[in-house]
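Reading through the structure tokens given below for one structure.
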Amino acid sequence: MPELNPPQAQAVAHNQGPLLVFAGAGSGKTRVITYRVANLLAEHSVAPYRILAVTFTNKAAGEMRARLEQLAGPEITSDLWLGTFHAVCARLLRRYHDEVGLSRRYVIYDDSDQKALVSRLIKRLGINDKELPPRLALSRIHKQKRLALSPEDTTPEWPLDESFVELYAKYEQSLRTADAVDFEDLILHIMRLAEDPLSPAGRDMRSRFSHVLVDEFQDTNAIQYRLVRALVGETKNLCVVGDDDQSIYRWRGADVRNIRGFRDDFPTATIIKLEQNYRSTSNIVKAALGIIAKAMWREPKQLFTEEGSGEPVRVRAVGDERQEAFFVVESIRHQIANGADPDDIAIFYRVHAQSRVLEESLRGAGIPYQIVGGMKFFDRAEVKSLLAYMRLVNTTRSDADLLRIINVPTRGIGNKTVQLLVDAAAKREICVWDALTLLLDAGTLPTAARRKLKAFHELITDLRTVAESHSPHDFAAHILEATGFRQTLEKEDSVESDARLENLAELLGSIAEYELEREEAGENVTLEAYLERVSLVADVDTMEDAPKVAMMTVHAAKGLEFVSVYLTGMEEEMFPYRGMNSESDDALEELDEERRLAYVAVTRAKQRLVITHAGSRTIFGRTKFLNRSRFIDDLPPAVTRLEGTSQQRTQYQRTHETGVSAARERGESYVDRNAFDDLPEEEAAPRPGDTVQHSKFGEGVVERVELGTDPAIVARYPGWGVKKVLARFLSY
DNA sequence: TACAAGCGCCTTTTT
DNA sequence: GGCGCTTGTA
């Protein structure tokens, strides 16, 4: 099936013992795993439930499962253990919850839950949050956990560390009383069990899987690797596939040394290198190699392609981010007009903050698009609140959820009362729900507070009985009514409340969709299963297969491919990105990671790659003047075409200096027509009487034009009336 | 206690 | 530029 030469295919299909596949970009990495699993099932009669295949995203797992279904049939593939580390561990943890002191209904705290918890603890412990801000504290906690270091293992190195260690210990304790885990815990709990020679669960897990496969192995972290090694046990039937050049999650604890040092850990490992790229034109492959060749540390390998050279890689200089957006959108419009499918096109950027300007231009041009990541649907306050109700009913011990909704919609339980509850819970080391129950029984509460708290207590208790007899969807719908959530929003009747109601409706829709999907797969639908899935969705997982231009960070682009790629913001400081902690001591490692990130970006393109860089950029409310990225200079001149002008001209441009750029040097303003010479000629501004097109209002007749730095057009739209809209949001 | 306004804060990448 | 938090007021 995949493009393997005969000895490689032989090894992938039949190898026993450790197998390491270095799979270069576009060489069919994921297919190697699929091929091996298919062979284990068909040729070696391995029972599907004895195979564990770990992917990087849920989306990848879904695609692999679909492909295997075609090869082996759904009744076989449904028994496979196939998913991300987190999803697989979450499932195992449901099974072995007892041994780690969780209930079967434990909840998974997301980032904001975790951060809220840490903030609360910092306040309670009287720690100075200037010296140890919640963000930093949390990231240090995660770091410790990824190294499997518990609070007791953490020795304070300097005075401040003492409060950190104390905080870390309290954090762990709070998770336990809340019947909750964070993302690291999912892996860590299971890893500890799997390594424990005395644990029955560990013994069970170690003998459970006869074959373990890991995709995107370069991005596993220390505890994930330890877990894999424990699970593989004595069989050593471990197959890992990855590409050290595409390791881009170091900041999340991923350790490239796992793949680079694999042969030290498994001296008998068979090693295969897949070096032929089947995805991109040779110009694109050469461009990518130009970038990665300068990495300081990498496994030697020779990526090559037999595809034709294709178009040159275009490198476009523009003045600022608005011009960049204008250029990208015009170019995309041009492509679509010539028959390109929008979903074959992607726009990449280094940080989410770059997406807004691009988004506005796309919307203005009426080009369908989807943004992967960014402000996530599940991050909306109202969505979180509804889910918090569901989680709280499922697990009343979950403090984060209780505190989120105790006064949503407002029911007269203010900060003072809440603080009373939290203190009572902390004093007795119990969860807030139990503290609430206790205080109501004790009868020591002020009457007003008592009445309101009692009503809340009854509300949740009632919801619990409803949950038992309803599907997740019906239960969610019931919550909206019973809590008065819907009514409150309807009464508010503002643009925001309408949007909230819409989001809630969308959430209900997605729950219904989920139920349908499960039923079709022949599985029963439970509240826990739904909540678990919601906790583990990644951004890419939500990407639709719709005819829309995709916009995403380069990180989110990993594992994807597009016919045309626009790589924007290729400037020093933006890419390689220089954040606040640029003084860190492993700056070289970080630069290498940026380089690999650029390599990943470039290798996503199949046929067309356009790279843009701006002379100045306003981001986070500050305008910066930027130089072209060093990665652009690493592109082989033979495969690139430099276009446009900016403050920073390339050698190429300097030798082709024109009168126009000389004029700009002297500070004269002009319109650089040459910069858009391959685009449809820019048209003059519309005049009164002309018609313009708006994505929402449709066609309108121009009444007045307001010129300026950002021209606006006043026009009458049938059915909408007279509207003033910035010209860049209109087509004409 | 509710709510609005305003302030200061930060600002990478994510399971 | 936006968010969360605090503050001030009804």
Side-chain angles (χ1 to χ4, degrees), chain A residues 54-61 83-90 108-112 114-116 119 123 129-130 133-136 139 142 145-146 181-188 216 219-221 223-224 247-254 348-357 372-376 378-379 381 407-419 446 448-449 452 488 492 532-542 552-558 569 573-582 584 590 593-594 596-598 600-601 618-624:
Chain A
V54 182
T55 58
F56 197 70
T57 62
N58 296 303
K59 189 165 182 273
T84 62
F85 271 111
H86 292 92
V88 166
C89 288
I108 301 167
Y109 272 9
D110 70 12
D111 278 337
S112 68
Q114 295 165 28
K115 206 177 139 224
S119 302
K123 210 168 286 169
D129 63 0
K130 292 280 180 299
R135 264 185 89 84
L136 183 72
S139 84
H142 288 156
K145 291 176 109 165
R146 286 194 299 258
V181 297
D182 61 21
F183 291 120
E184 317 299 345
D185 279 338
L186 289 171
I187 317 283
L188 196 51
E216 305 279 12
D219 282 322
T220 52
N221 65 30
I223 53 177
Q224 290 168 340
S247 167
I248 57 174
Y249 282 97
R250 204 177 81 99
W251 51 274
R252 197 167 94 185
F348 297 162
Y349 33 81
R350 178 64 180 80
V351 298
H352 280 302
Q354 290 167 258
S355 69
R356 227 194 73 255
V357 182
V372 177
M375 306 152 290
K376 280 171 278 186
F378 288 103
D379 282 347
N407 203 28
V408 177
T410 52
R411 48 173 74 91
I413 303 176
N415 287 337
K416 227 176 98 196
T417 314
V418 171
Q419 201 50 51
K452 290 165 187 162
T488 313
E492 192 185 321
E532 176 179 310
R533 165 148 119 170
V534 167
S535 305
L536 297 177
V537 284
D539 291 337
V540 233
D541 297 335
T542 63
M552 66 191 83
T553 63
V554 179
H555 281 90
K558 182 165 103 153
E573 290 187 50
M574 289 305 298
F575 204 166
Y577 188 81
R578 221 188 310 285
M580 336 244 305
N581 45 348
S582 49
S584 79
E590 270 166 25
E593 177 133 323
E594 294 290 319
R596 294 192 294 265
L597 198 51
V600 168
T618 304
I619 196 152
F620 302 129
R622 243 207 288 281
T623 304
K624 291 177 168 180

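In what follows, chains are A, B, ... by sequence order, proteins preceding strands, each numbered from 1.
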To the nearest 0.5 Å, how far apart are CZ in A:F348 and OG1 in A:T553?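 Taking CZ in A:F348 and OG1 in A:T553, the distance rounds to 9.0 Å.
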To the closest 0.5 Å, what do you measure between OG (A:S139) and CZ (A:R252)?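 These two atoms lie 14.5 Å from each other.
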Taking [atom1] from [X] and [atom2] from [N], how many angstroms apart are they, rounded to a whole number?
X	N	atom1	atom2	result
A:N221	B:dT14	CG	P	17 Å
A:K115	B:dC10	NZ	P	11 Å
A:E594	B:dT12	CD	P	12 Å
A:R250	B:dT14	CZ	P	17 Å
A:K123	C:dC5	NZ	P	7 Å
A:R578	B:dC10	CZ	C1'	19 Å
A:F348	B:dT12	CZ	P	21 Å

Indicate whether OP1 or OP2 belonging to [N] is found under 4.0 Å from a side-chain N or O atom of [X].
X	N	value
A:H352	B:dT14	yes
A:R356	C:dG1	yes
A:T410	B:dT1	no
A:N407	B:dA2	yes

Among [options], the nucleotide that comes nearest once only the side chain of [X] is considered:
X	options	answer
A:T417	B:dT15, B:dT1, B:dA2	B:dT1
A:R350	B:dT12, B:dT1, B:dT14	B:dT12
A:T84	B:dT15, B:dT1, B:dT14	B:dT15
A:R252	C:dT6, B:dT15, B:dA2	B:dT15
A:H555	C:dT6, B:dC3, B:dT14	B:dT14
A:R135	B:dT15, B:dT11, C:dG2	B:dT11

With under 30° as parallel and over 60° as perpendicular, where do the rings of A:F56 and A:Y249 fit, or are they tilted in between?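 Judged by the thresholds at 30° and 60°, the geometry between A:F56 and A:Y249 is tilted.
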Do A:I619 and A:M574 have side chains that get closer than 4.5 Å, going by heavy atoms?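 SC-SC contact between A:I619 and A:M574 confirmed.
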Do A:E216 and A:T55 come within less than 4.5 Å of each other through their side chains, counting heavy atoms only?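 Heavy-atom side-chain distance check fails, nothing below 4.5 Å.
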Hey, does A:Y249 reach any base, or is it just sugar-phosphate, or nothing, if we go heavy atoms under 4.0 Å?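 The residue A:Y249 makes sugar-phosphate contact but no base contact.
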Would you classify A:D185 as touching base, sugar-phosphate or nothing, given that sugar-phosphate means primed atoms plus P, OP1 and OP2, and contacts are heavy atoms under 4.0 Å?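 Nothing, no nucleic acid heavy atom in range.
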Tell me if the side-chain of A:W251 makes a donor-acceptor pair with the base of B:dT12, cut-off 3.5 Å, by modelled atom types.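 Not at all, since no donor on one side and acceptor on the other fall under 3.5 Å apart.
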Quote, to the nearest angstrom, the C1' distance that separates C:dG4 from B:dT13.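 Taking atom C1' in both C:dG4 and B:dT13, they lie 22 Å apart.
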